[in-house]
Amino acid sequence: MIELENVSFSYGGAEILSDVSLSLRPGSFHFLTGPSGAGKTTLLKLCYAALTPTQGTVRAFEAETATMDRDTLALTRRRVGVVHQDCQFLDHLTLSDNINLPLTVAGLEGDYAQNLADLMNWVGLRDQADQFPPSLSGGERQRAALARAVIMSPDVVLADEPTGNVDWEMSQRLVKLLVELNKMGKAILVCTHDLNLIRAAKALAPTRVLRLKGGKLISAGADL
Amino acid sequence: MIELENVSFSYGGAEILSDVSLSLRPGSFHFLTGPSGAGKTTLLKLCYAALTPTQGTVRAFEAETATMDRDTLALTRRRVGVVHQDCQFLDHLTLSDNINLPLTVAGLEGDYAQNLADLMNWVGLRDQADQFPPSLSGGERQRAALARAVIMSPDVVLADEPTGNVDWEMSQRLVKLLVELNKMGKAILVCTHDLNLIRAAKALAPTRVLRLKGGKLISAGADL
Amino acid sequence: MSFFQGLWAFVAGDARAERTVPPSGYSVWLVVFAAAAMTFLAVFVSALSQTTARVADLWSQELSRASTLRITADPDAMEAQVAAALKVLDTTPGIASVQVMTLAEQAALLEPWLGPDVPLELLNVPAMIDVVEDENGFDGAGLRARLAAEVPGAVYDDHTTWRAPLVRAAGQLRVTAALALVLILGALAAMVALAAQAALAANAQVISVLRLVGARDVYIARAFVRRFTLRTFAGAAVGAVVGMIVVALLPNDATSGGFLTAIGFQGLGWIMPVILPFVAGVIAFAATRAAALRMLRQQA
Amino acid sequence: MSFFQGLWAFVAGDARAERTVPPSGYSVWLVVFAAAAMTFLAVFVSALSQTTARVADLWSQELSRASTLRITADPDAMEAQVAAALKVLDTTPGIASVQVMTLAEQAALLEPWLGPDVPLELLNVPAMIDVVEDENGFDGAGLRARLAAEVPGAVYDDHTTWRAPLVRAAGQLRVTAALALVLILGALAAMVALAAQAALAANAQVISVLRLVGARDVYIARAFVRRFTLRTFAGAAVGAVVGMIVVALLPNDATSGGFLTAIGFQGLGWIMPVILPFVAGVIAFAATRAAALRMLRQQA
Ligand SMILES: Nc1ncnc2c1ncn2[C@@H]1O[C@H](COP(=O)(O)OP(=O)(O)OP(=O)(O)O)[C@@H](O)[C@H]1O
Ligand SMILES: Nc1ncnc2c1ncn2[C@@H]1O[C@H](COP(=O)(O)OP(=O)(O)OP(=O)(O)O)[C@@H](O)[C@H]1O
Ligand SMILES: [Mg+2]
Ligand SMILES: [Mg+2]
């Protein structure tokens, strides 16, 4: 559903990604690792068209992101759930309103009311539903970001370091959630430094682990 | 240097911390773990007087934080380096200016010029010195936050999840930096979910591991 | 969708979309206040301007359209000279009416200087003819030339020396007021635009979050634009109402009669204060919309 | 540290502290623009106000301090009556000068109505006495009563009916202008305060970071306050200069002489436009300082 073909990218200086190809198909589950500053977030941004490649093409749902008009882009984003590394919320809305935001914006509120309750339960935020984002703990924000990313059951979920601030048990719950979605045919891509998390996921579903280093995308060894 | 005596705290609703005592002495090294939302960040905020306890007393450098005037508070903060969970920077200043900020604010710029270069090297941000914070990767921000916290070689370092977004090698470098400071007699307190990190630190220096759960602070088992 | 349906949809708004934009606090109050203050000033100044315009019109019309012909002649030649002058005036195009002043009228005019019972009929006082020109006016110089030829004793006085400075002063006031009005509306527009920019800049993060969860540009822009437009309109409406009240409360000077009229609005002049809030609203709409779309295009 | 040293330190600023506050973009431009526009309007209106004040003074003084006594009497009784009237006037306190008009003066006055060669000396025209009161003024009603008793033919005319509407109109304009001036300065203060609040609110995160790394309140406040004060001053200075230029360029009406003076500043009146930028600066200083300290106290 999202395809990168020979993509290179630089922010103006050195090349961050060079000649990277990747295809996120329905039912695929990828992990992306690599040292800090390798370009993982950059790759994700290319996938959801927050950036366009300096070379090569990125296609989302058959359309090239570089030439998409802004309204199509907005509609495409509704089919891609993203957990950003710095979880950004609207500080003036309650947590449940924030998690509901993709539905509100798409005019679909109500259709997924049960989803919201289940989801909040699963990520352990039932008691925080009426809190405002600035009063959430770091881990609570990350869980909320994941909940917001999946509330509309998007075709693709891109998660950038979704467990950096949560404890090990919660990490496993979150991975389980992603695996469930994956089994429903969604394409999943998770950036993480947490090798334990990758191992736990591998035990639940077939995943591919990619490693980004020196601008190149390589498959990680069998040890993972 | 920072002492919590029978401290209880609530944000208005349920008690987050109840009857917690803790003493950060020169040369001490503590890890603080606990599930997401347990109150680790809250405890840290009490230590640097961003919050005052609802019961009990917090003393920083012999002075009670609850009755401190705002200028004394500012001066106290210069002796405490804090890595916040959501690393906040001044987006209009370059990275090196941001890391220097505690010195600028204290009027001590220049006195630590060599410090800055060494530190930037150690945390691997030499090439990013002139970038602005919004263009940094998640891990780069965390490393910068740690660098800013220690630039003035404060008496106490409080680090909230300082390695959530960095890879394993970098985590170890950062721990090494904290251990070095600890050996110079600084008091260190690190909140983390990463058990590997704790193990790595234990190999380098004598540390105490605390666990926060249900508002109570307990010593973690010998398995760590 | 008709224009009015569109307008109604805009005013009614979409409560859900609205909530996604944070209450922008000081920026919005700034806009409300600036709109109120500027509209108040605009109402004030336009009242002044309209009053001055009326005064200037009065002076221009009353003084410039009336002129006087004074005929000095021997008592026995007088009647013929007056008749000759009337004939000249009759054949001058652009004259609305001509009236020979009676002795009684002249006496009334002179009473302050001559006392009540001066026997004017015994004196060889000049005859006075009031001339009122019509809308088109007439050629004063031509008239003078013809009179000089045909009625040698006639002195033509078109009151220019009296009138000019008054009319000029009124015109000056009027230009000044119009200039001030243009400036005030310009300042209002600039302030609303800047305040909208400031509010949008302060909300850059909100806009980015909304874009990232799939909000379309119009959805985001509309919430901001609607808020700023309605607040500006409300502020301007308050300013206009207060302005009209203050103008109405200003000491009215009915006794001055035709010379100076009371400061205030008359007739169609009332359109101005009523229209101002709408003008302010349109300005706010345009300024905020442009600012919002510009800012949005900078975001991915 | 003396006041001036302190002022200098404030204006010179601390480049390092300054840099910690982000360039606040639109908020600051809003302040600059609002200060310029409002000061411009204030200069404009105060020019208008001062001109009106001068005109009103002229009218009040020239017209109110001069009055006329007209004496009607038989030719042979005239001289005695005039002498009696002069005696009454002489003994009235508050009169600066008294002058009996000559026949030639009267003739000049009457020329437009009577023509150039009316033999006034043949007529029993009333005698006219110009009376000019001194600063203290005199009791018009008392004078009238005494004249009625001692000089039965005297009619006292203090020009009230001519003067009153003009003076009243000038006073009205003056009150209006002063009101507008107060409003403009008030609006300026409110706008600077609101813009400062908006800028501070937009920078809440910056302030919180600065507090957390150990910055003292004054350090943070100073950078904001200095920026807003200097920008407001600069904006107001530009507005004042442009205002003075525009006022100077307004059509001057020298020909109107004493009746209407040209719009503009005279003498001490120049203090107003020069002082306005400083007033604006002080307003900005106070408003921003209060806002900054209030916001800081809300932060840990
Ligand atoms: N807008 C930008 N302008 C310039 N350089 C940028 C920009 N954004 C990111 N970079 C640089 O590009 C490199 C890759 O950044 P990216 O965020 O993709 O790293 P990452 O792999 O996600 O790292 P991390 O694990 O630390 O989050 C970094 O060195 C970063 O400083
Ligand atoms: N300002 C606040 N108002 C109300 N509740 C708050 C506020 N700040 C934090 N909380 C709540 O207090 C609890 C403890 O928060 P805290 O940030 O201390 O957790 P934490 O241990 O740091 O968790 P994490 O590991 O996820 O960062 C959370 O449930 C959070 O929702
Ligand atoms: Mg990243
Ligand atoms: Mg925390």
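Quantities reported herein were computed from a predicted structural model and do not represent experimental measurements. Letters A, B, ... are given to chains in the order of the sequence lines, protein chains preceding strands, and every chain is numbered from 1.
With a threshold of 4.5 angstrom between heavy atoms, Ala49(A) approaches chain C through N, CA, C or O but not through any side-chain atom. Of the two parts of Arg148(A), only the side chain, counted from C-beta on, holds a non-hydrogen atom closer than 4.5 Å to a non-hydrogen atom of chain C. Neither the backbone nor the side chain of Ile220(C) comes within contact range of chain A; no heavy atoms are under 4.5 Å apart. Looking at Phe89(A), only its backbone comes within 4.5 Å of chain C, counting heavy atoms on both sides. In this structure, chain C has no heavy atom under 4.5 Å from any part of Asp91(A). For Ala106(A), no part sits under 4.5 Å from any heavy atom of chain C, backbone or side chain.
Residues Asp217(C) and Asp71(A) come closest through the heavy atom pair N-OD1, 4.2 Å. Closest non-hydrogen pair, Ala74(A) versus Ala215(C), comes out as CB-O, 3.6 Å. Of all heavy-atom pairs spanning Arg77(A) and Leu212(C), the tightest one is CD-O, 3.6 Å.
In this structure, the side chains of Tyr219(C) and Thr104(A) come closer than 4.5 Å at one or more pairs of heavy atoms.
For Arg78(A), the CZ atom sits in a packed shell: over 12 heavy atoms of surrounding residues, nucleotides or ligands are nearer than 6.0 Å. Atom CZ of Phe278(C) has 12 or fewer neighbouring heavy atoms from other residues, nucleotides or ligands inside a 6.0 Å radius. In the displayed structure, Arg70(A) atom CZ is contacted under 6.0 Å by more than 12 heavy atoms of other residues, nucleotides or ligands. Heavy atoms of other residues, nucleotides or ligands lying less than 6.0 angstrom from CZ of Arg173(A) number more than 12.
Checking each of Val82(A), Asn98(A), Ile151(A), Leu101(A) against Val213(C) for a side chain to side chain contact (heavy atoms under 4.5 Å, CB included) leaves exactly one that passes, namely Leu101(A).
Here the CG atom belonging to Leu73(A) is positioned 5.0 Å from the CZ atom belonging to Arg211(C), to the nearest 0.5 angstrom.
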